[in-house]
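Structure record follows, encoded as C-alpha cells.
Chain letters run A, B, ... following the sequence lines, proteins first, then strands; residues in each count from 1.
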2 protein chains.
Amino acid sequence: MLKVCIIGSSGHYGYVMERASEKSDDFYIAATADGPEKSETDYINMLEKEKPDIAVVNPYLCYNAKVSLDCLRHGINVFSEKPAATTLNDLTELKKAYTKSGKIYSSMMALRFAPGFIAAKEFADAGRIGEIRLVHAQKSYKLGFRGDMYRDNKLYGGTIPWVGSHAVDWIYYFTAKRFLNVLAAQSSIANRGHGGLEMTAACSFVMEDEIIATASIDYLRPSEAKTHGDDRIRIAGTSGIVEVRSGEAFAVDGAGERKLPNTKEMHIFDEFIKAVKGEKNELPKAEDAFYVTEICLKARLSAETGEMIKI
Amino acid sequence: MLKVCIIGSSGHYGYVMERASEKSDDFYIAATADGPEKSETDYINMLEKEKPDIAVVNPYLCYNAKVSLDCLRHGINVFSEKPAATTLNDLTELKKAYTKSGKIYSSMMALRFAPGFIAAKEFADAGRIGEIRLVHAQKSYKLGFRGDMYRDNKLYGGTIPWVGSHAVDWIYYFTAKRFLNVLAAQSSIANRGHGGLEMTAACSFVMEDEIIATASIDYLRPSEAKTHGDDRIRIAGTSGIVEVRSGEAFAVDGAGERKLPNTKEMHIFDEFIKAVKGEKNELPKAEDAFYVTEICLKARLSAETGEMIKI
C-alpha cells in the first residue's frame with residue numbers, strides 16, 4: 001500500500017480523493033497538511049514524520065514549485081497541481097531538484113484524459129488526420145466567486161498558466177512538437193471584483209514544421225451553462241480534422257464526417273500509481289509538465305509586455 | 001431597371017447571377033468582360049459602351065483595386081470581390097477614388113448574412129451577451145484543385161486576405177471596435193502543388209477596450225466533408241456567449257443553453273441594389289471593406305515578417 005500525504009487544498013486533490021475510495025488496495029491517505037500560505041513548517045513536519053511515498057501538492061499556486069521541490073528533496077514522489085511553477089526561476093530550481101531526485105513527478109494534466117480527448121488522440125496517433133498543421137484549443141470556465149488566491153496575481157500566477165496550461169498541454173500532447181515563439185494577450189476587464197484576475201486571454205504559437213496553434217482562454221462561461229468548463233480542441237491535419245467539444249470527439253476525413261466513440265477511460269492518478277509501482281503507464285511526463293509551464297510563463301510574459309517572445 | 005456589367009470571373013459573381021433570375025424587375029446583366037489578366041482594354045471598352053449603373057468586379061484578385069478604381073472614375077457603382085485590394089498602395093488609391101466618386105462601393109462580404117450569423121448578430125446587438133470581450137473566428141475550406149491565380153501570390157494576394165478577410169470582417173462587424181495590433185502566422189506546407197498558396201494561417205488581434213480576437217484559417221477541410229466551408233465564430237461577452245457553427249447560432253446566457261432560430265434571410269446583392277436605389281439597407285459599408293482589407297494586409301505583413309504589427 002502506497003502512503004499518500006496531501007499538502008494544501010487549493011487545487012485538484014479531488015483527483016486523489018475520488019480514487020481513494022475505489023482503489024484503496026493501491027494507496028491510502030495518511031495525513032494532510034497546510035500549504036506555506038498558512039504554515040511554512042506544517043508540511044515539512046508531516047513529510048518527516050510520515051515519510052510518504054507520494055505527496056499531493058496543491059497549495060496556493062505560487063507555492064507549487066517550492067513544495068514540490070521540498071518533497072523531491074525528501075525523496076518523495078510528487079503529484080502536483082499545475083502549473084509546475086509560477087516563475088521561470090522557480091521552474092529552473094524545480095527541474096534541478098527533479099533531475100537529482102530520481103523520483104516520479106507529474107502535474108495534474110488530467111484533461112488529457114477528459115471524455116473525447118482519448119478518442120481524438122487515438123485517432124490522430126493512428127495517422128487518420130495525416131500530419132498536424134493547425135490547432136485551436138479553447139478553455140472557458142465559469143468565474144463564480146473565487147477566494148483570495150485568485151485576486152492576487154503573485155499568489156495565483158495568472159490565468160494563462162492556471163487555465164491556459166491545459167490548452168498548451170493539449171497542443172503539445174497532440175503535436176509532440178516544440179514551440180518556437182508565442183504572442184499572447186490578456187485582460188482583467190469585467191472580472192467582477194477579482195483583483196488582477198485575467199478574464200480573457202489568447203495565445204498564438206508558431207511551432208516546429210510551421211505548425212500554427214492558437215488558444216482562447218476565458219472565465220466568461222455563464223453560471224447557467226450545463227457544465228463548469230467548455231473545453232475544446234480542433235486539430236487539422238493534411239488528411240483529416242479531429243476535434244473535441246461537449247465531451248465528444250468528431251472527425252472528418254476520407255470516410256466523411258462522424259462522431260468518434262469514447263472507447264477508453266483513464267484516470268490520471270491511476271497512471272500516477274502505475275508509474276510509482278514501475279508499471280507501464282501513460283502518466284504525463286515531468287518533462288512535459290516543465291516544458292508546458294515554461295511555455296505558459298513565456299506566454300504570460302508576452303501578454304504582460306505586449307511583445308512576441310522567442311522560445 | 002439597373003444595368004449591370006460583370007468584369008472577370010474569378011470570384012463570386014454568382015451572388016449576382018443567383019439574384020438575376022429572381023429579381024429581374026430590379027436589374028439586368030447587360031454585358032460581361034474579361035479582367036486585366038486577359039485584356040487590359042476589354043472592360044474599359046465595355047464600361048464606355050454600356051455605361052452600366054453597377055459593375056460587378058471579380059478579376060484575378062490582384063486587379064480588384066485597379067478595376068474598381070476605373071469603374072468609380074467612370075461614375076459606376078462597384079460590387080467588388082474581396083479583398084478590396086491586395087497591396088496597401090492600391091488600397092490607398094482605391095479609397096481616394098471612392099471618396100471622390102460619390103458612388104456606392106461594397107465588397108462581397110456575403111458571409112455576414114450566412115445562416116446563423118444574422119441570428120447571432122441580432123442576439124449580440126440586443127445586448128444579450130453584454131460587452132464583447134473575446135472572439136474566435138474560424139474559416140476552413142476545401143482545397144480541391146485551384147487554377148493559376150491561386151498558385152502565384154502576386155496574383156492571388158494570399159490566404160489571409162482571401163479567406164481570412166471573412167473572419168476579420170466578422171470580428172469587426174460584431175465588435176464594431178478598432179484593431180490595435182496583429183500578429184499572424186501562415187504556412188504553405190502541404191499545399192499539394194499549389195505554388196505559394198498558404199494552407200494554414202492564424203491571426204491574433206488586440207482591439208480597443210482590451211478585446212482579444214483570434215482567427216484560424218485553413219484549406220484543410222477534407223473533400224469528403226458535407227459542405228465546402230466550415231465557418232464558425234464564437235463571441236464571449238460579459239453576460240453571455242453566442243456562437244455560429246454548422247450554419248446555426250447557439251447561445252448561453254442567464255436563460256441557459258440553446259439554439260437560436262434563424263429568423264431572417266438576407267442577400268448581399270439585394271442590399272446592394274437597395275443602396276443604389278437609395279433605400280434603407282444593410283449593405284456592408286465601403287469604409288468597412290477598406291478597413292478590413294487594411295487589417296488583412298497588415299496581418300499578411302506580420303505573417304511574412306514574423307513581427308507583430310501596430311495598426
Side-chain angles (χ1 to χ4, degrees), chain A residues 129-131 133-136 138 140 181-190 192 199-207 209-227 230 232 234 236-241 245 251-257 302-303 306-308, chain B residues 129-131 133-136 138 140 181-190 192 199-207 209-227 230 232 234 236-241 245 251-257 302-303 306-308:
Chain A
I129 63 169
E131 300 293 318
R133 302 297 315 143
L134 186 70
V135 184
H136 178 69
Q138 174 185 300
S140 178
N181 66 48
V182 56
L183 181 82
Q186 59 189 15
S187 172
S188 301
I189 288 180
R192 303 174 214 156
M199 286 293 284
T200 52
C203 304
S204 180
F205 303 103
V206 174
M207 306 180 71
D209 301 340
E210 297 182 17
I211 294 168
I212 299 167
T214 48
S216 168
I217 302 152
D218 70 75
Y219 276 119
L220 293 169
R221 189 158 169 80
S223 55
E224 294 80 3
K226 284 176 201 149
T227 56
D230 183 5
R232 304 185 198 180
R234 176 179 179 269
T238 50
S239 61
I241 295 171
R245 56 185 152 79
V252 49
D253 64 4
E257 299 182 27
S302 169
E307 301 291 333
M308 194 179 74
Chain B
I129 62 169
E131 300 293 320
R133 303 297 315 143
L134 187 69
V135 184
H136 178 70
Q138 174 185 300
S140 179
N181 65 49
V182 57
L183 181 82
Q186 60 190 15
S187 172
S188 301
I189 288 180
R192 302 173 215 158
M199 287 294 284
T200 52
C203 304
S204 179
F205 303 104
V206 174
M207 307 179 71
D209 302 338
E210 298 181 18
I211 294 168
I212 300 166
T214 48
S216 169
I217 303 152
D218 70 76
Y219 277 119
L220 292 168
R221 190 159 167 79
S223 56
E224 294 80 2
K226 285 175 198 149
T227 56
D230 183 6
R232 305 186 197 179
R234 176 179 179 269
T238 50
S239 62
I241 296 171
R245 57 186 153 79
V252 50
D253 62 4
E257 299 182 27
S302 169
E307 301 291 332
M308 193 179 75

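Between A:P222 and B:I241, some side-chain heavy-atom pair lies under the 4.5 Å cut-off. No side-chain heavy atom of A:D253 sits less than 4.5 Å from a side-chain heavy atom of B:E224.
Between chain B and the residues A:G130, A:A185, A:A190, A:S239, the largest count of heavy-atom pairs under 4.5 Å involves A:A185. The candidate from B:G240, B:A225, B:G254 with the greatest count of non-hydrogen atom pairs under 4.5 Å with chain A is B:G254. Contact tally against chain A (heavy-atom pairs below 4.5 Å) for B:Q186, B:R221, B:H136: the top residue is B:H136.
Using a 4.5 Å cut-off between heavy atoms, B:A184 makes no contact with chain A at all. Contact annotation for B:S223: neither backbone nor side-chain heavy atoms come within less than 4.5 Å of a heavy atom of chain A. Heavy atoms closer than 4.5 Å to chain A are found in both the backbone and the side chain of B:V252. Only the backbone of A:I217 comes within contact range of chain B, judged by heavy atoms closer than 4.5 Å. Contacts of B:T238 with chain A are made by both backbone and side-chain atoms, with heavy-atom separations under 4.5 Å. When heavy atoms are compared at a cutoff of 4.5 Å, B:I129 does not approach chain A at all.
The structure places CG of B:L183 at 12.0 Å from SG of A:C203, a figure rounded to the nearest 0.5 Å.
Residues B:L220 and A:A236 come closest through the heavy atom pair CD1-CB, 3.6 Å. Residues B:S216 and A:L134 come closest through the heavy atom pair OG-CD2, 3.4 Å.
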Take B:E210 and A:M199 through the side-chain contact (heavy atoms from CB on, under 4.5 Å) test and state the conclusion after the steps. CA-CA 11 Å; B:E210 298 181 18; A:M199 286 293 284; over 6 Å; no
Given B:T214 and A:S204, is the side-chain contact (heavy atoms from CB on, under 4.5 Å) satisfied, shown in steps? CA-CA 8 Å; B:T214 48; A:S204 180; 5.9 Å; no
For A:I189 and B:R133, what are the C-alpha separation, side-chain angles and deciding distance, and is it a side-chain contact (heavy atoms from CB on, under 4.5 Å)? CA-CA 8 Å; A:I189 288 180; B:R133 303 297 315 143; 3.4 Å; yes
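For A:R234, the side-chain hydrogen bond (donor to acceptor under 3.5 Å, both in side chains) partners two or more places apart in sequence, or in a different chain, are B:Q138, B:S140, B:D218. Residues satisfying the salt bridge (Lys or Arg N to Asp or Glu O under 4.0 Å) criterion with B:R192, sequence neighbours excluded, are absent altogether.
Here the side chain of B:E257 pairs a donor or acceptor atom with the backbone of A:K226 at under 3.5 angstrom.
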